[in-house]
Structure formats: C-alpha cells, structure tokens
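Following: one structure in structure tokens, then a few remarks.
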Amino acid sequence: MKKVIALILVAVLAVGMLAACGTSTSTDASVSSSAASTDSAKGTDTAASGQLIGVAMPTQSLQRWNQDGANLKKELEGKGYKVDLQYANNDVNTQIQQIENMIVKGSKVLVIAAIDCSALSDVLKKAADNSVKVISYDRLIMKTPNVDYYATFDNFKVGVIQGQYIETKLGLKDGKGPFNIELFGGSPDDNNANYFFDGAYSILKPYIDSGKLVVTSGQKDFAKIAIQGWDSAKAQARMDNLITANYAGGKKLDAVLSPNDSLAIGIVASLKNAGYGSSDKPYPIITGQDCDKPNVIAMINGQQSMSIFKDTRTLASKVVEMIDSLLQGKEAPVYDTKTYDNESKVVPSFLCEPVYADKDNYKKILVDSGYYKESDLK
Ligand code: BGC
C-alpha cells in the first residue's frame with residue numbers, strides 16, 4: 001500500500017514538473033525539482049545502469065554554472081548514472097579537449113554549455129561518429145547538425161522582462177521622460193546574448209525612437225555594446241568610459257540595461273566610484289540576470305534593481321528527463337520545434353520560463369522557493 005501511495009505521489013509531482021517548465025513561476029519550479037529528486041533518490045532507473053554522462057560547463061567563476069553542474073550531477077547520480085563534470089575556465093580549447101576526453105571515456109550523452117557556441121563542430125562530429133548524443137545546455141550550439149536537443153530558458157523573454165522592468169519603473173507607459181539610458185550586451189560568441197538584447201530592445205526601441213529614452217552615448221548596436229566573455233572588469237571599464245565621455249557635469253543617468261549579473265557587478269562598481277548611491281545621486285535602474293548571491297545582496301542594498309531568476313534546478317530536471325529518453329531510444333518531450341535554428345538544423349528545444357526578482361519580491365521568489373536561505377543573503 002505504502003508503495004502504491006509513493007508511486008502516485010511521484011506521478012503527481014512529475015506532472016507538476018512538466019507544468020513548471022512550460023508556464024509557471026519559480027515556486028512551481030521548486031516543487032518540480034523536489035519531485036525530480038524524490039524520483040531520483042531511489043536510484044533505480046534501468047536506463048541509467050551506471051552509464052557515463054559528460055557534463056561540460058563553461059566556468060566556475062559565475063555562481064550559476066556551479067549550481068547548474070552540481071544540480072545535474074546530483075540528479076544524474078541519484079538516478080544511477082556516472083557523471084564526468086568538467087569546467088573549462090571560459091577557455092574554448094580547454095572545453096574542446098574536455099569534450100574529446102568525455103567521448104574517449106565512453107560517455108553516452110554529453111550535456112554542454114558552450115563557451116564559444118560556434119567552435120564545437122569538429123568535436124561534435126567525433127561525438128556523432130561514436131554515437132554519443134548531445135544536449136545543448138542553456139546556450140545553443142551553432143553550425144552543426146550533431147546536436148540532439150536544446151534545453152534552456154526562454155532567452156528572448158529574459159530580455160523582454162528586463163526591458164519591461166525599465167519601462168515600468170521609469171513610467172514610460174504613462175508618458176514620462178525623457179530619460180537617459182545606456183545599453184550593455186553579453187558576450188558576442190554566446191548565442192544567447194543576441195536573444196537577450198533583441199528581447200530587451202523590442203520593448204525599449206519605441207521609446208528610443210520617440211525620444212522618451214535617450215541613449216546619450218549613441219551606442220545602440222550590439223557590436224558596440226557587447227562585452228566579451230561576460231567580463232565584470234570589461235563592463236566596469238566601459239561604464240567608466242561612458243560616464244567620463246557623456247555624464248560629466250552632473251548629467252543624470254536614469255537606467256542601464258545590463259543583460260546579466262556579472263556585467264551588473266562591474267556597472268555598479270563604476271557608478272559607485274562616480275559617486276552614485278547617495279540621496280541626491282541615486283543609482284539608476286540597473287537590470288541583471290541569474291540572481292547570483294552578491295547581486296541579490298546588491299538588490300537588497302538598492303544598488304541593482306532587479307535580476308532575472310532562472311531556476312537551475314528546473315533546467316537540470318528537464319535535462320535528466322531528456323537523457324533518460326535518449327538512452328531509451330524515445331523522443332524527449334520538447335515544446336519548441338521551430339525557433340532555435342543553429343544554422344545547420346532546427347534543434348528541438350525545451351524552454352523554461354524566466355521570472356524576475358527584485359527587492360520587493362525576492363523573499364517569495366528566492367527564499368520561499370528554497371533556492372536561498374535568508375541567511376545566505378546577508
Ligand atoms: C546565460 C546567463 C549567464 C551568461 C554568462 C548566458 O549564456 O544564459 O545565465 O549569465 O551566459 O555566463
């Protein structure tokens with residue numbers, strides 16, 4: 001009887017998991033992840049039976065990738081898989097070598113968050129020659145047919161939410177303005193960076209066209225505003241230059257579009273050095289993404305305004321589901337078979353829903369969902 005109840009519980013939670021990625025809030029997401037771990041805790045999956053899964057992550061320098069790797073490892077091992085988890089210090093050649101090793105060691109599936117999305121064609125040809133399946137993780141691997149699935153958050157929507165946050169906080173819809181804004185983009189070798197910018201720009205462009213938002217520096221093209229390697233120091237240096245060249249003599253900066261938290265860290269540091277953060281010179285609206293701990297603390301302290309929350313537990317659960325399907329020769333559940341063209345094929349994709357956190361809702365989004373403890377955020 002106990003067993004039957006347990007099975008029903010797992011089934012109900014598993015349905016919740018599907019719903020979480022398709023539509024919902026991060027609170028749902030946390031339910032879903034506990035569902036997955038309940039399931040995986042049993043460690044009895046026959047598809048797994050000790051098979052090796054290679055997990056290639058870009059860098060340990062950003063909190064999110066550490067969490068992504070740890071979540072994947074935990075869930076996969078819980079199901080009975082072996083895991084080769086590697087970080088490549090944001091170095092493209094190191095990542096290629098790590099993937100090559102994973103193939104040599106007999107990995108059945110590779111989960112890859114690419115550093116340079118267009119640099120993996122040769123190594124993935126080797127994977128295909130060895131019948132190794134490939135899941136593109138978070139970032140779409142470009143220019144190769146040898147990618148089976150893509151699991152990510154809705155990247156365009158990430159940008160849309162950032163743009164809408166600026167729109168709301170400045171009161172642009174109510175006709176307020178003009179306001180001064182500066183724009184930042186992510187790393188040009190990361191395919192996601194274009195989606196983030198396009199999403200945000202789709203919201204901001206009408207206001208820029210009408211003059212209600214003024215990009216004082218005039219720098220609006222992605223190529224001009226992109227920050228190689230998502231590097232905080234490079235973002236800080238660009239913000240320093242923008243301030244010196246355009247905001248001398250007390251001109252006020254009202255908003256900064258930052259695509260993620262590592263850039264926001266650099267932007268805030270630069271603004272702080274320039275005297276922002278006092279009552280007569282408050283910080284502008286500054287966006288971000290990942291809800292890294294230092295950034296959530298910066299939100300609570302009024303330096304950064306918001307950050308997109310992408311619950312990495314949800315993404316990990318979805319990827320484990322994909323791996324199970326691939327190894328059982330079944331089709332994985334995917335919702336989008338049209339959008340993500342990697343210039344070689346349309347890669348079947350599963351998109352999880354991003355939400356935003358700010359100082360008003362972070363307790364509900366980040367603490368109540370079990371993602372952080374309140375004590376982590378001091
Ligand atoms: C990810 C972001 C992350 C950025 C820098 C992007 O591809 O989607 O979550 O902040 O890379 O690592």
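Just so you know, ligand 1 is whichever comes first in the structure, and atom 1 is the first atom listed for that ligand. Values in this document were obtained by computation on a predicted structure and should not be read as measured data. Only heavy atoms go into these numbers, but all of them, side chains included; no hydrogens, no water, no symmetry mates.
- Take Tyr207 and apply the ring-ring contact (aromatic ring centres under 6.0 Å, His included) test, not counting sequence neighbours, and it matches no residue.
- For ligand 1, the protein residues placed under 4.0 Å by at least one non-hydrogen atom are Leu62, Arg64, Trp65, Asp138, Arg139, Asp190, Asn192, Phe196, Trp230, Asn260, Gln289, Asp290, Lys310.
- Summarising the geometry, atom NZ belonging to Lys212 is positioned 8.5 Å from atom CG belonging to Leu172; distances are rounded to the nearest 0.5 Å.
- Salt-bridge annotation for Asp68 and Arg64: present, with a side-chain N of the basic residue lying under 4.0 Å from a carboxylate O of the acidic one.
- For Gln98, there are no side chain to side chain donor-acceptor pair (under 3.5 Å) partners at least two apart in sequence or on another chain.
- Applying the ring-ring contact (aromatic ring centres under 6.0 Å, His included) test to Tyr87 and every residue at least two apart in sequence or in another chain returns nothing.
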Check your understanding: Can Tyr195 and Tyr340 be said to form a ring pair (Phe, Tyr, Trp, His ring centres under 6.0 Å), step by step?
Key -> CA-CA 11 Å; Tyr195 282 99; Tyr340 287 94; 5.1 Å; yes
